[in-house]
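The block underneath contains the structure these notes are about, expressed in structure tokens.
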Amino acid sequence: MRLDIREEALTPKMHGTPIVPGDLEHSEIIQRIFAKDARVMPPPFAHKELTETQKDTIRRWVAQGMPYGKETDPTVARIEMIPEQAEMARRGMY
Ligand code: HEM
């Protein structure tokens, strides 16, 4: 199952539709990553647990209607700190 391919994420599978944009309750991946029972994904045997931050990022992405960026969209490649040894303060942004 490829979630980076929009059409595939929208196509109903055996257990439901992976993603219904903007609809957390009907998006199977949301039900799965937050599941407390045997349906939980990724499955324990895979040893690929998601952090709470990662789960929340996926949840917000689905809630926002699963926007996909284009290959050509700008990305942040580097952030220079001045002075160099300065640290950014955490303000609960992540
Ligand atoms: C964030 C990561 C993952 C997500 C969001 C996810 C999501 C899902 C979803 C939505 C289904 C149901 C598909 C259907 O309707 O037929 C499913 C099934 C399944 N997935 Fe995952 N999966 C993830 C990672 C993994 C990994 C890492 C493995 C194995 C190494 C795995 C193994 C399976 C298996 C065996 C099934 C079929 C059995 C079942 O439905 O419980 N998944 N997954």
Side-chain angles (χ1 to χ4, degrees):
M1 188 168 61
R2 295 275 304 262
L3 299 180
D4 55 332
I5 299 174
R6 188 180 167 92
E7 275 314 306
E8 194 166 329
L10 296 174
T11 306
K13 306 280 185 290
M14 204 194 310
H15 301 273
T17 305
I19 301 180
V20 181
D23 186 345
L24 297 174
E25 225 157 272
H26 293 104
S27 294
E28 190 65 21
I29 70 159
I30 300 300
Q31 297 309 312
R32 295 289 188 128
I33 65 175
F34 288 101
K36 299 279 179 238
D37 57 19
R39 294 162 63 240
V40 72
M41 283 288 151
F45 69 75
H47 300 293
K48 292 193 182 294
E49 287 78 22
L50 296 173
T51 64
E52 291 307 311
T53 308
Q54 289 171 328
K55 290 187 204 177
D56 194 56
T57 301
I58 296 172
R59 188 187 57 73
R60 282 185 291 122
W61 177 62
V62 172
Q64 289 166 3
M66 58 189 272
Y68 284 84
K70 294 192 292 296
E71 294 268 325
T72 51
D73 282 350
T75 57
V76 177
R78 200 167 98 99
I79 296 177
E80 203 167 314
M81 300 292 292
I82 298 175
E84 254 175 50
Q85 63 276 27
E87 276 181 36
M88 265 170 98
R90 273 187 72 161
R91 296 205 187 84
M93 286 137 63
Y94 51 86

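Side chains are part of it too, since the values below use all heavy atoms of this structure and drop only hydrogens, waters and symmetry mates. Atoms within each ligand, like the ligands themselves, are counted from 1 in listed order. Quantities reported herein were computed from a predicted structural model and do not represent experimental measurements.
One N or O on the side chain of Arg32 and one on the backbone of Arg39 form a donor-acceptor pair closer than 3.5 Å. Checking side-chain atoms of Gln31 against main-chain N and O of His26 turns up no donor-acceptor pair under 3.5 Å. Counting only distance, with no hydrogens or angles, the side chain of Ser27 and the backbone of Val20 share a donor-acceptor pair below 3.5 Å.
Atom 4 (C) of ligand 1 has Met41 CB, 3.8 Å as its closest protein atom, hydrogens excluded (heavy atom only). Protein heavy atom at the shortest distance from atom 26 (C) of ligand 1 is Pro43 CD, 3.5 Å. From the protein, the heavy atom lying nearest to atom 15 (O) of ligand 1 is His15 N, 2.6 Å. The nearest protein atom to atom 30 (C) of ligand 1, hydrogens excluded, is given as Ala46 CB, 3.5 Å; this is a heavy-atom distance. Distance from atom 1 (C) of ligand 1 to its nearest protein heavy atom, with residue and atom name: Leu50 CD1, 3.9 Å.
Protein heavy atoms are absent from the space less than 4.0 angstrom from atom 38 (C) of ligand 1. Protein heavy atoms are absent from the space less than 4.0 angstrom from atom 35 (C) of ligand 1.
Distances from atom 5 (C) of ligand 1 to the heavy atoms of Ile29, Ile58, Ile30 show the closest one on Ile29. Heavy-atom proximity to atom 24 (C) of ligand 1, evaluated over Gly16, Ala38, Pro42, is greatest for Pro42.
Considering backbone and side-chain atoms alike, Glu28 places every N or O at 3.5 Å or more from each N or O of ligand 1. For ligand 1, the polar-atom distance check finds an N/O of Arg32 within less than 3.5 Å of one of the ligand's N/O atoms.
In this structure, the separation between CZ on Arg60 and NZ on Lys55 is 14.5 Å, given to the nearest 0.5 Å. Taken from CG in Asp56 to OG1 in Thr51, the straight-line distance is 9.5 Å, to the nearest 0.5 Å. Here CZ of Phe34 is found 9.0 Å from CG of Leu50. Values are rounded to the nearest 0.5 Å. The structure places CD1 of Ile29 at 12.0 Å from CE of Met41, a figure rounded to the nearest 0.5 Å.
Put simply, the side chain of Glu28 does not reach to within 4.5 Å of the side chain of Lys13, judged on heavy atoms. Using a 4.5 Å heavy-atom threshold, the side chains of Ile58 and Leu3 count as separate.
Backbone or side-chain N, O or S atoms of Met1 do not reach atom 21 (Fe) of ligand 1 at under 2.8 Å.
Of all atoms in ligand 1, numbered sequentially from 1 with element shown, those under 4.0 Å from a heavy atom of Lys13 are 14 (C), 15 (O), 16 (O).
Using a 4.0 Å cutoff on heavy atoms, Pro18 does not count as a contact of ligand 1.
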